[in-house]
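One structure below.
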Amino acid sequence: MQTNALTFPRLLLAHAQAQPESPAVREKDLGIWQTWTWRAVAQEVREIACGLASLGFQSFDNLAIVGANRPHLYMAVVAAQSLRGVPVPLYQDAVANEMVFMLDDAAIDFVVVEDQEQVDKLLECRDLQAERVARGEGRQGIRHIVYDDPKGLRHYDQPGLISYDRLRELGRAYDQAHPGVFDAAVASGEATDVGVILYTSGTTGRPKGVCQTHASFIAAGRGGVETDRLGPGDNIMSYLPMAWVGDHLFSVAQWLVGGFTLNCPESAATVMNDMREIGPSYYFGPPRTFEGLLTAVSIRMEDAAAPKRWLYAKFMALAQRVGADILNGQPVGAGDRLLYGLGNLLVYGPLRNVLGMSRIRVAYTAGAAIGPDLFRFYRSIGVNLKQFYGQTETCAYVCLQQDGKVKLQTVGTAAPGIELKIADDGEVLVRGVSVLKEYYKRPDATAEVLDANGYFHTGDAGVLDSEGHLRIIDRAKDVGRLAGGAMFAPNYIENKLKFFPQIKEAVCFGHARDEVSAFVNIDFEAVGNWAERRGLAYGGYVDLAGKPEVLTLIAECLGKVNADLAAEAGMGETQIARFLVLHKELDPDDDELTRTRKVRRGFIAEKYAVLVEALYGGKTEQFIETQVKFEDGRTGAVSATLKIVEAKRFPGMAKAA
């Protein structure tokens, strides 16, 4: 089959023919791993597709998919594509008012959901749609809701509600009554068809539906598979939101291109245990996942006996010095190499096992910039962590790092089939196989990001070095200058702060100001553990965040970051002058973060303007009361008087000539 004729359903059928009894998908359910072969997946996709057709789903209809990583939901993705329909994965933690916008925008009539929680939310969305229709606004809402897990739904009798098993029954009957319809639909699909609509995170406004073709994602999947030699026999753990472009690349595109095994954990809380059981050879996650794993390790080491803490500290210092060089195949002295081998036996190997990475051959991070300190930590202990760079509009596929050519400060070179260019204003421009077809029903927005030469304007500021490696400085709109003229890239400083396990989130300010200041969110688990070991009582997040001892702890972290900035040529002026610890965690439900946990910087600056001005106004404390949203839809308020703390600063190096 010609590459340019491939679609995802045809790739699935090819694997079902080439390796019918090999494991395609696994899911841990009630403590037991269940396995679907490629033949079984192909048959189930056929049944789901025919079941949808029996309910009236047609070519080019959109199918919303809402839930955690479940085999049946991934199969529903390919089932929709088999009918030349378009899957639209949505974030499962989105509240009804947020989700209904995307349901309306994508003209969704059919939804496949995971369980009762999502059924309740979709029924609420349908009620909201009905209210608008009654007022003469909007369109007819959701007609069919298919649920996978029937627990708690026995007495639900709302119209259009149907179980996954019942859908399969309808599909088998439809397939028998209409032989050849499914095969004809799959055969009619074209590589240029829209294969998925993925909504942007909405950092700067309403999310937009990104239309990506089968050809784009297959090319992106193939580039990664061929670069890292992935195929049958490899295992990957799928645990990140299905609505995230990275999951669609790794868990759908690369899965169907490479033919490896997809593993779905029992729940988000069991991912690390499930990883240790499966021992995946391939792993991916955004920086926040790797930050969370490092925080968990740090907490465990703080609770360890003194000899273990001493051993860990000694060997980690060695790893930070030579580990990344050893992984890159660079020359390292015989003595250090011998000591590193001992460290691998005593520390690094057990640590990789705790992280579920004992069999990892290649790991990737993508979705946001990762701090070089965090990057160095994982590579130093022998985890072959590399970076993908891309956006939803580029299938998360623009740059990738090749083995032996990993630089901590860059995101790699242009991926196969991709052309990079830096605009005169420093913006990264991309042209090639992975670029979006369009924004759904938004020609105006499409024209804003695709120029006449076919380049996608990423909105990121970056530079290319002499070897073609791309270094991302920050979001172009976020890069500014201090009043004195020094370049200010807030994300670069924030990543340094988030390397510390005590800091979960940070937001820096400084554009057009004399100095840099910062908001900090403590990591409640890490700092809580630290406080308990010191006998420091606290009554919750607000109380803990305001403790003088905690402020001193965070000040020490900022002092170390400032020392690093002072040691970097030209960065000394961007040291943090003052900071405060926020009285609440930044939360997507409060619109402070996107669903992928990217900071909505402009919104935060406006919402907490009184705190920003207090940082720059010479105040030592500031009272604030903030409205918050709870998961059940209720609202409340959190108030506190926040202390403003001076950070320790250091003489900086002059900018290199």
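The first residue in the sequence is number 1, and the count goes up from there.
Summarising the geometry of L318 relative to D336, their closest heavy-atom pair is CD1-OD1, 3.9 Å, with the distance given to 0.1 Å. Scanning all heavy atoms of the two residues, the minimum distance from V406 to N328 falls at O-ND2, 3.7 Å. The two residues F377 and M316 make their nearest non-hydrogen contact at CE1-CE, 3.3 Å. In this structure, M571 and L565 approach most closely via the heavy-atom pair CB-O, 3.4 Å. Across all their heavy atoms, V542 and V638 have their closest contact at CG2-CG1, 3.6 Å. The two atoms that bring A545 and L551 nearest to each other are O-CD2, 3.8 Å, heavy atoms only.
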Next on the checklist: Under the criterion salt bridge (charged side-chain N to carboxylate O under 4.0 Å, His left out), I'd like the reasoning laid out for R601 against E606: C-alpha separation, chi angles, the key distance, then a yes or no.
Outcome noted: CA-CA 9 Å; R601 195 179 309 281; E606 182 177 341; over 6 Å; no
Checklist entry - Stepwise, does the ring pair (Phe, Tyr, Trp, His ring centres under 6.0 Å) test hold for Y283 with Y239? => result CA-CA 10 Å; Y283 181 80; Y239 65 100; 5.6 Å; yes
Checklist entry - Passes side chain to side chain contact (heavy atoms under 4.5 Å, CB included), T392 versus Y199? Steps please. => result CA-CA 8 Å; T392 307; Y199 275 85; over 6 Å; no
Checklist entry - Which is it for R475 and D460 under the side chain to side chain contact (heavy atoms under 4.5 Å, CB included) test, yes or no, and what are the steps along the way? => result CA-CA 4 Å; R475 291 293 292 171; D460 288 330; 2.9 Å; yes
Item to check | side chain to side chain contact (heavy atoms under 4.5 Å, CB included) assessment of T413 paired with Q402 | outcome: CA-CA 8 Å; T413 56; Q402 300 182 26; 4.1 Å; yes
Item to check | Worked verdict on L355 versus Y378 for side chain to side chain contact (heavy atoms under 4.5 Å, CB included) | outcome: CA-CA 11 Å; L355 296 171; Y378 282 96; 4.1 Å; yes
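A salt bridge is defined here as a Lys NZ or Arg NE, NH1 or NH2 lying under 4.0 Å from an Asp or Glu carboxylate O, and E592 with K598 fails to meet this definition. A salt bridge does not link K629 to D587: none of the charged nitrogens lies less than 4.0 Å from a carboxylate oxygen. Under 4.0 Å is where a charged nitrogen must lie from a carboxylate oxygen, and between D589 and R595 at least one such pair does. A salt bridge links K496 with E568: at least one charged nitrogen is closer than 4.0 Å to a carboxylate oxygen. Contact check on E613 versus K619 returns no salt bridge, with no Lys/Arg side-chain nitrogen under 4.0 Å from an Asp/Glu carboxylate oxygen. Under 4.0 Å is where a charged nitrogen must lie from a carboxylate oxygen, and between E549 and R534 no such pair does.
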Hey, can you pull the donor-acceptor pairs under 3.5 Å for the side chains in residues 422-430, sequence neighbours left out?
from, atom 1, to, atom 2, distance (Å)
D425, OD1, E427, N, 3.1
E427, OE2, G459, N, 2.8

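Formation of a donor-acceptor pair under 3.5 Å by the R361 side chain with backbone atoms of D228 is found in this model. A distance-only check finds a donor-acceptor pair linking the side chain of S434 to the backbone of T394 [under 3.5 Å]. Listed for the N521 side chain is no donor-acceptor partner under 3.5 Å among the backbone atoms of K504. Under the 3.5 Å distance criterion, the side-chain polar atoms of Q401 are matched with a main-chain donor or acceptor of T410. With T200 contributing its side chain and K208 its backbone, the two residues share a donor-acceptor pair below 3.5 Å. Formation of a donor-acceptor pair under 3.5 Å by the R309 side chain with backbone atoms of M301 is not found in this model. In this structure a side-chain-to-backbone donor-acceptor pair under 3.5 Å is present from Q575 to F650. The backbone N or O of R578 lies less than 3.5 Å from no partner atom in the side chain of S517, so there is not a single donor-acceptor pair. Judged purely by atom type and a 3.5 angstrom limit, Y397 has no side-chain atom pairing as donor or acceptor with the backbone of A415. Side-chain atoms of D474 come within 3.5 Å of backbone N or O of N491 as a donor-acceptor pair.
For the atom pair CE (M237) and CZ (R276), the distance works out to 10.5 Å, reported to the nearest 0.5 Å. For the atom pair CZ (R352) and OG (S358), the distance works out to 8.0 Å, reported to the nearest 0.5 Å. Distance CG/L240 to NE2/H248: 14.5 Å, rounded to 0.5 Å. Separation of atoms CG (D591) and CG (L586) is listed at 12.0 Å; rounding is to 0.5 Å. One distance of note links NZ of K314 with CG of L339; it measures 12.0 Å at 0.5 Å rounding. Here T365 contributes atom OG1 and F284 contributes atom CZ; the two are 10.5 Å apart, rounded to the nearest 0.5 Å.
Residues E494 and V507 are in side-chain contact: their nearest non-hydrogen atoms beyond the backbone lie under 4.5 Å apart. Here the side chains of P280 and I236 are not in contact, with every heavy-atom distance at 4.5 Å or above. Taking 4.5 Å as the limit, every side-chain heavy atom of V520 sits out of range of all side-chain heavy atoms of L582. Using a 4.5 Å cut-off on side-chain heavy atoms (C-beta onward), K643 and L580 make no contact. Looking at L311 and V347, their side chains come closer than 4.5 Å, going by heavy atoms from C-beta outward. Between K386 and L400, every side-chain heavy-atom pair lies at or beyond the 4.5 Å cut-off. For the pair R379/N384, a side-chain contact is recorded, criterion being any heavy-atom separation below 4.5 Å from C-beta on. At a threshold of 4.5 Å between non-hydrogen side-chain atoms, the residues E621 and I644 do not count as touching.
Within a 6.0 Å radius of CZ in R300, no more than 12 heavy atoms belonging to other residues, nucleotides or ligands are found.
Screening residues 552-567 for side-chain hydrogen bond (donor to acceptor under 3.5 Å, both in side chains), with sequence neighbours left out, gives no hits. Pairs of residues two or more places apart, or lying in two chains, that qualify as ring pair (Phe, Tyr, Trp, His ring centres under 6.0 Å) and include a residue from residues 302-354 are Y340-Y348. Sorted by first then second residue, the ring pair (Phe, Tyr, Trp, His ring centres under 6.0 Å) pairs that include residues 583-602, not counting sequence neighbours, number zero. Each ring pair (Phe, Tyr, Trp, His ring centres under 6.0 Å) pair with one or both residues in residues 468-521, not counting sequence neighbours, appears once here: F509-F519.
For the pair K421 and Y455, the cation sits on the ring face: its NZ or CZ lies under 6.0 Å from the ring centre, inside 45° of the axis. The side-chain tip of R431 does not point at the ring of F456 from less than 6.0 angstrom away and within 45° of straight on.
Among I522, L558, D523, the single residue meeting the side-chain contact (heavy atoms from CB on, under 4.5 Å) criterion with I503 is L558. Screening R471, K407, K405 for a salt bridge (charged side-chain N to carboxylate O under 4.0 Å, His left out) with D465, the sole residue that qualifies is K407.
Listed by chain and residue number, E302, D303 satisfy the salt bridge (charged side-chain N to carboxylate O under 4.0 Å, His left out) test with R533 (two or more places apart in sequence, or in another chain).
Below 30°, between 30° and 60°, or above 60°: for Y364 and F250 the angle between ring planes is between 30° and 60°, a tilted geometry.
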